[in-house]
Trainee: 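The following block contains the structure, expressed as structure tokens.
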Amino acid sequence: MAELQKLHDAIMSGDTKTAVAVTREALAENVDPMELIRQYMIPAMDEVGRLFQCEEYFVPELLLAARAMKGSLELIRPLLAASGRQPTGRVVIGTVKGDLHDIGKNIVASMLEGGGFDVIDLGADVAPERFVEAIQRSNANLVCLSALLTVTMPSMRTTIEALKQAGVRERVKVLVGGAPVTRQFAQQIGADGYSESAPGAVTLARQIIAAL
Amino acid sequence: MAELQKLHDAIMSGDTKTAVAVTREALAENVDPMELIRQYMIPAMDEVGRLFQCEEYFVPELLLAARAMKGSLELIRPLLAASGRQPTGRVVIGTVKGDLHDIGKNIVASMLEGGGFDVIDLGADVAPERFVEAIQRSNANLVCLSALLTVTMPSMRTTIEALKQAGVRERVKVLVGGAPVTRQFAQQIGADGYSESAPGAVTLARQIIAAL
Amino acid sequence: MEQRMRSYGALAISNPSDLVFGRAPSPVSCGFDLTIGAGQVYPEVNFTLPAITVSAENWSEIVTQYTEMVTGIIRRAVALRAPGIVLEFELLPAMTECPEWGAEVTALLHRALREAHEKHGLRCALRVTPTDIREHGKPPLLRYGQGCEQLLRSFDLCAQAGADILSIESIGGKEVHDQALLYGDVPGIVFALGILAPRDMAWLWDQITGICARHPGVVPGGDTACAFANTAMQLAHQRMLPEVLAAVVRAMCAVRSLVAFEHGAMGPSKDCAYEGPILKAITGCPISMEGRSATCAHFSPMGNVASAMCDLWSNESVQNIRLLSGSAPEAYTESLIYDCRLMNVAAQQGGALMLRDWLTASDQWLSPQAALLSPEATLEIAAVIVERKSHYERTLGAAQAALSILRGGLSGGAMLIPAKERQWMDRIEQELSGLPGDEKTLRRQVQERYAGIFDPASYGLCESA
Amino acid sequence: MEQRMRSYGALAISNPSDLVFGRAPSPVSCGFDLTIGAGQVYPEVNFTLPAITVSAENWSEIVTQYTEMVTGIIRRAVALRAPGIVLEFELLPAMTECPEWGAEVTALLHRALREAHEKHGLRCALRVTPTDIREHGKPPLLRYGQGCEQLLRSFDLCAQAGADILSIESIGGKEVHDQALLYGDVPGIVFALGILAPRDMAWLWDQITGICARHPGVVPGGDTACAFANTAMQLAHQRMLPEVLAAVVRAMCAVRSLVAFEHGAMGPSKDCAYEGPILKAITGCPISMEGRSATCAHFSPMGNVASAMCDLWSNESVQNIRLLSGSAPEAYTESLIYDCRLMNVAAQQGGALMLRDWLTASDQWLSPQAALLSPEATLEIAAVIVERKSHYERTLGAAQAALSILRGGLSGGAMLIPAKERQWMDRIEQELSGLPGDEKTLRRQVQERYAGIFDPASYGLCESA
Ligand code: B12
Ligand code: B12
Ligand code: SF4
Ligand code: SF4
Ligand SMILES: [Zn+2]
Ligand SMILES: [Zn+2]
Ligand SMILES: [Zn+2]
């Protein structure tokens with residue numbers, strides 16, 4: 001029988017190979033995929049998140065864990081989809097137009113993925129239309145905008161307006177972030193949330209999805 | 001005959017006594033009051049303003065000159081009013097509600113007076129209603145708002161809104177100033193002008209009155 | 001309360017090499033394990049709201065703002081391993097008018113500091129400075145009336161809510177001084193600073209030390225001539241007044257700020273009191289100063305020399321706005337910490353006096369206001385003050401000492417100042433020497449000119465006038 | 001262009017007591033009567049727009065903003081009698097994409113400086129830094145394509161419009177480095193820094209020095225490892241990466257930033273290149289640094305020590321927003337001027353080394369990144385670099401030297417770092433020692449892992465691979 005505790009540990013130590021192997025074995029033995037996620041994978045990632053916030057883990061540990069989690073999830077997702085069960089949430093993320101800073105955005109994306117979200121990363125320098133398209137195509141319920149330049153902060157407003165014009169603003173919640181962005185600015189442009197850190201972004205995303 | 005050049009010089013040196021005496025003499029000799037103002041008094045104050053901007057004069061010299069100018073004007077005004085001629089402009093000035101800083105406002109008021117404006121100084125900590133009242137009572141065409149605290153800057157907006165509500169916003173132009181106020185903030189709250197200095201305030205006031 | 005009255009007839013520090021940053025003969029212990037003036041310079045961070053109205057509707061946002069600010073400041077202090085820190089909460093007018101508001105923010109800051117001390121061992125203390133809202137009236141009423149009652153209640157509630165040090169920027173005499181200053185009226189200035197202000201200070205500081213006595217552990221800090229000398233400094237900065245006048249006003253102000261100590265203040269004095277070094281030389285109490293890292297609050301011709309003798313080093317005030325790095329309060333906390341690190345390392349390696357002298361030399365002769373801040377100038381003015389008896393005589397003496405220091409700088413060729421400023425020096429000197437030897441005569445001479453502008457009863461001047 | 005190629009086989013400064021702020025063996029003269037590195041430290045002020053879109057509609061507002069900023073900065077420099085000043089204009093991406101815009105702002109700033117020089121005798125110069133917009137593509141194309149053309153044209157037009165110094169924060173190798181860094185992949189990091197980056201630098205700096213040669217008087221300044229080491233520094237600051245990794249990355253980066261000098265750069269190097277002191281020791285060219293007065297732009301664990309060997313002292317970047325004192329660019333100009341005053345006075349009185357050592361001691365062992373910035377550590381790393389031949393070997397050597405300095409600090413007990421960081425030190429050390437001696441082998445080992453992420457042709461790697 002598959003040793004499921006090993007899945008938990010493999011994710012925590014960022015060992016993708018083992019994580020995938022254990023998952024495959026478990027699925028072959030018809031373990032309920034939801035159980036795998038709820039009892040082993042999410043707790044592992046939560047523990048990773050906790051260690052990260054306590055400054056026991058750095059980003060490399062975090063990203064390796066997220067990568068392991070993602071590896072397992074790739075095996076599980078088709079089954080969930082087939083059974084009609086949804087992942088926690090579907091997120092479209094990108095750095096706004098004119099801005100090429102993507103490290104912060106990448107970390108947020110990875111942590112969301114690690115947190116069990118289905119993440120569509122549009123990259124950097126993303127025009128408002130591309131956000132609109134991605135939402136339309138993917139049925140996402142969350143949009144994350146990142147900006148690191150003061151001169152691209154206004155693009156966040158423009159993007160939110162484009163969502164309105166395209167009639168998709170109501171379908172999604174919008175989170176914004178990046179070094180120059182503030183809570184006040186987020187309010188002003190009509191975003192639904194702001195966080196100054198990646199773990200904060202995950203917490204916020206969870207709260208929002210839970211409230212949907 | 002009155003030596004009119006003396007009026008010019010008395011104002012420049014802040015000698016109220018002489019300024020008033022020469023003015024009285026000239027008026028007794030039926031010199032055109034408008035000529036006194038245009039040819040001697042305004043040029044003197046302009047020269048004072050120039051010296052101030054070149055850092056040849058400090059505020060004390062400036063205020064003493066303004067006081068001398070005011071002394072002469074007090075004799076002339078009734079005549080102008082009788083002949084139906086208007087002074088350059090009529091200004092209501094005050095520091096907004098919640099704010100007691102009044103030195104900057106006082107200097108602006110004095111320089112406006114020195115510049116030939118008719119100035120109604122409401123003091124500091126002035127509530128919006130009091131600005132409205134003063135405009136209604138005085139037929140002023142210019143309102144100057146001063147604020148030195150970040151937490152009283154919003155009072156400028158409130159005051160402008162009160163002018164709108166009372167239906168007097170169209171009758172006046174609104175200038176704002178004070179250390180924390182910026183050009184951008186002035187625009188945002190719908191003021192008609194901003195200056196960072198007292199001489200700048202006078203120049204601006206003149207331009208605005210000229211354009212009326 | 002009278003028993004608290006101290007009189008200073010001699011200097012606590014008379015040797016220039018004892019007048020240096022970080023050390024004061026009478027250190028002050030307060031807050032969470034912090035001792036000020038015992039060898040280290042600590043940062044004092046002062047922070048304020050951005051453009052937002054202080055009102056009941058906005059109150060929760062305001063609480064959030066203060067929480068954000070204190071969080072950022074403490075985060076930086078911990079990250080940079082600051083050996084200690086003082087926070088200053090300067091109440092905004094509406095928070096003094098409604099003393100409960102001021103007390104609520106005080107409590108919030110106190111809790112944050114306690115937590116930082118418990119969790120990170122950060123030594124720290126909280127200074128609280130209610131607004132002197134007695135100036136509302138025309139003329140202002142200083143010893144009675146609503147403003148006065150609210151002010152005293154604010155001190156009381158803040159002391160109760162967790163303030164460790166109480167201070168004020170008091171305004172007695174300002175109503176006269178403002179006008180005298182703008183018209184360059186030297187007798188009026190002396191009247192305001194040498195007669196009116198000390199009388200209000202004496203009364204007010206008896207109240208404050210009384211309140212501290214009722215709240216054990218709360219230290220009566222000090223006052224500042226902000227309303228007088230900093231107004232003059234700002235006006236000189238904008239080239240509206242001669243720098244020499246601002247410098248002379250500063251020296252005179254030391255006399256009125258000293259009255260706080262005569263009536264029980266123990267230091268640290270207020271950051272914006274650039275007369276602080278004189279107070280330190282006379283009283284031996286620690287002082288707070290501000291300069292090159294207070295560019296958030298005001299520009300200054302004495303950014304370095306201001307730190308030469310400080311015990312706390314402050315940013316004066318910074319709004320909670322966002323810079324590229326993070327919040328402005330956090331950013332200025334960092335600047336202060338680096339300044340303190342340098343001073344403390346130099347002191348530790350035996351170089352305190354050398355660094356003090358470089359800090360002094362780098363500004364000293366570039367502006368008249370800086371010239372008065374050297375250790376030597378400080379001791380010269382302080383010595384004249386303690387030699388004389390009445391506040392009036394002391395004020396005149398301080399002004400004359402200041403002028404003689406400036407003359408020295410000019411004649412030695414060290415200081416270059418424009419002809420216009422030199423004319424003003426002559427003028428101030430002349431007017432000073434024309435002043436009567438006794439205070440009653442001066443009062444008679446100027447009282448009419450300022451009638452109605454001040455309330456004699458507020459200065460205990462009714463009967464005697 | 002090949003004739004410009006210099007190779008550094010020995011140190012220009014080998015004696016620690018010659019490695020000090022304000023003095024460089026090869027000073028640079030430029031702009032209006034300014035010589036950098038000849039005895040005085042000057043402020044370098046960098047300033048940027050607040051939240052506003054750079055677009056044709058907003059263009060007049062943008063011009064107003066830059067005019068306001070330069071006016072405020074010059075006003076402060078004149079008021080404080082700064083002996084000289086450098087302005088840095090860092091183009092925003094849209095201003096490089098449309099090179100005319102960048103040139104227009106350059107011209108505006110140039111005019112303002114000329115006027116300040118004529119009217120007030122202010123010695124000054126303008127540094128212009130176009131944005132390295134070649135990174136747009138995936139993978140980025142570095143030697144051809146639209147971004148590259150616009151970038152080179154931007155240099156050309158800015159040189160023509162009045163730039164005195166040209167710089168860049170180039171990004172060759174970053175696409176690989178970003179990912180390697182986030183995954184803590186040491187071989188990937190070395191590949192990016194020791195192989196890819198130097199190849200791009202060589203090509204790019206030949207272009208830049210070529211452009212300077214066509215515009216007499218325009219100085220090729222220098223580059224910075226911002227995209228590498230400052231990213232790591234920021235991540236360490238946010239506790240996302242270990243500080244020791246950020247420190248080792250910084251040391252490695254010196255090798256790639258040195259390539260600018262090998263290909264004609266003359267200094268002053270870029271402010272945000274904290275690898276600057278190593279460059280100064282090797283080349284003898286003046287450097288710009290930033291630290292405790294760059295709190296507007298980023299927080300830092302090395303605010304004081306960063307100034308120990310600088311020739312220009314910068315604020316990195318500040319938005320045009322309003323503080324209580326005035327505009328933020330004006331405020332940070334003042335802070336820089338006071339820092340420079342202190343350094344210059346100390347130097348003038350023979351105390352440069354003493355002040356340098358206090359600045360160093362005050363930060364040195366409080367963080368691994370600061371530990372590498374002492375004069376001794378600088379010379380140790382620089383010596384290893386010049387001893388070795390290829391960029392790859394130099395990069396490895398710099399990393400090892402950095403680790404040995406950190407080990408020294410730890411074993412002597414001077415530096416305290418958490419267990420987690422120490423584990424990372426071991427790990428980095430192990431991985432480094434496992435790397436092959438020759439660059440080709442490493443390329444083969446990692447190339448697959450990063451296939452598709454970088455464009456081999458952009459590094460001249462197609463044929464030889
Ligand atoms: C690294 C860096 C670069 C790298 C970018 C590498 C990359 N792939 O991203 C390079 C060198 C390429 C670069 C280029 C430039 N940069 Co740059 N850069 C930085 C630097 C030093 C660090 C940014 C970073 O990666 N931080 C680490 C990450 C993890 O933090 P973060 O992005 O803030 O993200 C965290 C949070 O904000 C949050 N978050 C982020 N996004 C989101 C989204 C959501 C929804 C949520 C909830 C949260 C969230 O979570 C993240 C993790 O905790 C900053 C300095 C700074 N103070 O931030 C300057 C900075 C942003 N850059 C600046 C500038 C000026 C530039 C250039 C214009 C320079 C030039 N003249 O060439 C170019 C422009 C490039 C472009 N077209 O956009 C300025 C911006 C000034 C301004 N006007 O706004 C800064 C502030 C530096 C400074 N102080 O001057 N830069
Ligand atoms: C002097 C002063 C005082 C004096 C006021 C004296 C008086 N009668 O005005 C006293 C001591 C009483 C005082 C009290 C307080 N102050 Co005060 N004060 C100052 C100081 C040092 C100088 C202000 C000044 O007079 N400048 C000189 C004049 C000439 O300049 P100005 O006002 O800017 O005016 C010029 C221009 O702005 C323009 N202008 C002005 N008005 C207008 C109007 C128009 C229409 C136009 C076109 C132009 C214009 O022209 C003028 C001439 O060129 C400033 C510091 C600063 N950086 O400004 C702080 C400052 C304004 N005060 C401050 C604070 C916090 C306070 C107190 C709350 C302190 C306390 N805790 O007790 C109280 C509040 C009092 C109140 N209820 O309002 C802070 C404000 C912070 C914030 N949150 O906004 C400041 C910025 C100091 C600081 N850096 O922290 N203060
Ligand atoms: S000097 Fe500064 S802190 Fe003091 S009252 Fe004036 S404004 Fe306030
Ligand atoms: S270190 Fe600073 S100046 Fe340099 S590229 Fe990065 S953000 Fe720009
Ligand atoms: Zn203050
Ligand atoms: Zn203060
Ligand atoms: Zn930079």
Side-chain angles (χ1 to χ4, degrees), chain A residues 14 16 51-68 95-111 121-126 147-159 178-182 184-185 188-189 196-200, chain D residues 48-55 58 62 65 91-95 97 131-138 140 147 171 174-175 177-186 227 231-232 234-246 297-298 317-321 418-421 423-424 427:
Chain A
T16 306
L51 287 170
F52 183 69
Q53 294 214 274
C54 303
E55 296 169 12
E56 278 295 303
Y57 267 22
F58 290 113
V59 159
E61 287 96 339
L62 188 83
L63 290 186
L64 290 170
R67 188 190 268 177
T95 303
V96 296
K97 192 166 167 206
D99 202 325
L100 291 173
H101 293 85
D102 63 359
I103 297 177
K105 184 267 298 165
N106 291 348
I107 295 176
V108 172
S110 301
M111 286 203 65
D121 186 346
L122 303 179
D125 193 14
V126 181
L148 265 282
L149 293 172
T150 49
V151 295
T152 56
M153 285 166 68
S155 293
M156 291 184 149
R157 191 195 292 269
T158 324
T159 304
V181 180
T182 61
Q184 288 87 346
F185 179 78
Q188 273 168 33
I189 63 169
E196 60 171 21
S197 75
Chain D
T48 193
L49 294 173
I52 173 176
T53 307
V54 179
S55 65
N58 283 341
I62 286 169
Q65 293 259 359
L91 276 65
L92 288 155
M95 298 172 179
E97 284 155 21
T131 322
D132 193 346
I133 51 174
R134 299 173 302 161
E135 60 170 324
H136 264 272
K138 286 224 160 205
I171 50 87
K174 170 183 152 319
E175 64 286 41
H177 189 262
D178 274 358
Q179 183 167 329
L181 192 65
L182 289 183
Y183 283 90
D185 172 18
V186 176
T231 301
Q234 276 294 323
L235 289 165
H237 170 72
Q238 294 186 25
R239 305 231 174 257
M240 298 203 158
L241 282 183
E243 278 228 47
V244 291
L245 179 57
H298 66 266
S317 188
V318 62
Q319 290 169 264
N320 190 29
I321 53 176
K420 265 255 67 178
E421 294 261 349
Q423 284 167 24
W424 269 89
R427 186 180 145 188

Trainee: Is it the side chain or the backbone of A:L62 that comes within 4.5 Å of chain D heavy atoms, both, or neither?
Mentor: neither
Trainee: Could you grab the distance from atom CE of D:M240 to atom CD of A:E55, nearest 0.5 Å is fine?
Mentor: 10.5 Å
Trainee: Quick check on D:L92 against chain A: is it the side chain, the backbone, both or neither that has a heavy atom closer than 4.5 Å?
Mentor: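 It is the side chain, since no backbone atom gets that close.
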Trainee: Do you know which two heavy atoms are closest between A:M153 and D:A51, and how far apart they sit?
Mentor: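 Looking at all heavy atoms of both residues, the closest pair is SD-CB, 4.2 Å.
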Trainee: In Å, rounded to the nearest 0.5 Å, how long is the span from NZ of D:K174 to CD1 of A:I103?
Mentor: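 Nearest 0.5 Å value for the NZ-CD1 distance: 6.0 Å.
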Trainee: For chain A, which of D:L235, D:T53, D:I52 has the most heavy-atom pairs under 4.5 Å?
Mentor: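 Option with the top pair count is D:I52.
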Trainee: Starting at CD1 of D:I133, measure out to CG of A:D125 and round the result to the nearest 0.5 Å.
Mentor: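 Here the rounded value is 11.0 Å.
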Trainee: Of all of D:P242, D:P418, D:A419, which one pairs up most often with chain A through heavy atoms under 4.5 Å apart?
Mentor: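 Heavy-atom pair counts peak at D:P242.
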Trainee: How long is the span from the CD atom in D:Q234 to the NE2 atom in A:H101, to the nearest 0.5 Å?
Mentor: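 Going from CD on D:Q234 over to NE2 on A:H101, the span is 9.5 Å.
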Trainee: Which bit of D:P93 is near chain A, if near means a heavy-atom gap under 4.5 Å: side chain, backbone, both or neither?
Mentor: side chain
Trainee: Tell me, for A:F52 versus chain D, whether the close heavy atoms (under 4.5 Å) come from the side chain, the backbone, both or neither.
Mentor: side chain
Trainee: Using a cut-off of under 4.5 Å on heavy-atom pairs, state which of D:L49, D:L182, D:L181, D:V54 scores highest against chain A.
Mentor: D:L182
Trainee: Tell me whether the count of non-hydrogen atoms from other residues, nucleotides or ligands lying under 6.0 Å of CZ in D:R427 goes above 12.
Mentor: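 More than 12 within 6.0 Å, yes.
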Trainee: Given a strict heavy-atom distance threshold of 4.5 Å, which part of D:S55 is in contact with chain A: side chain, backbone, both, or neither?
Mentor: neither
Trainee: Is A:D102 in contact with chain D via its backbone, its side chain, both, or neither, using a 4.5 Å heavy-atom distance?
Mentor: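 For A:D102, the side chain is the part near chain D, not the backbone.
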Trainee: More than 12 heavy atoms of other residues, nucleotides or ligands under 6.0 Å from NZ of D:K138: is that the case?
Mentor: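 For D:K138, atom NZ is not crowded (no more than 12 foreign heavy atoms under 6.0 Å).
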Trainee: Counting heavy-atom pairs under 4.5 Å to chain D, which of A:L100, A:T152, A:L64 comes out on top?
Mentor: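 Looking at each of A:L100, A:T152, A:L64 in turn, A:L100 comes out on top.
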Trainee: For residues A:F58 and D:E421, report the shortest heavy-atom separation together with the two atoms involved.
Mentor: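 Closest heavy-atom pair between A:F58 and D:E421: CZ-OE2, 3.8 Å.
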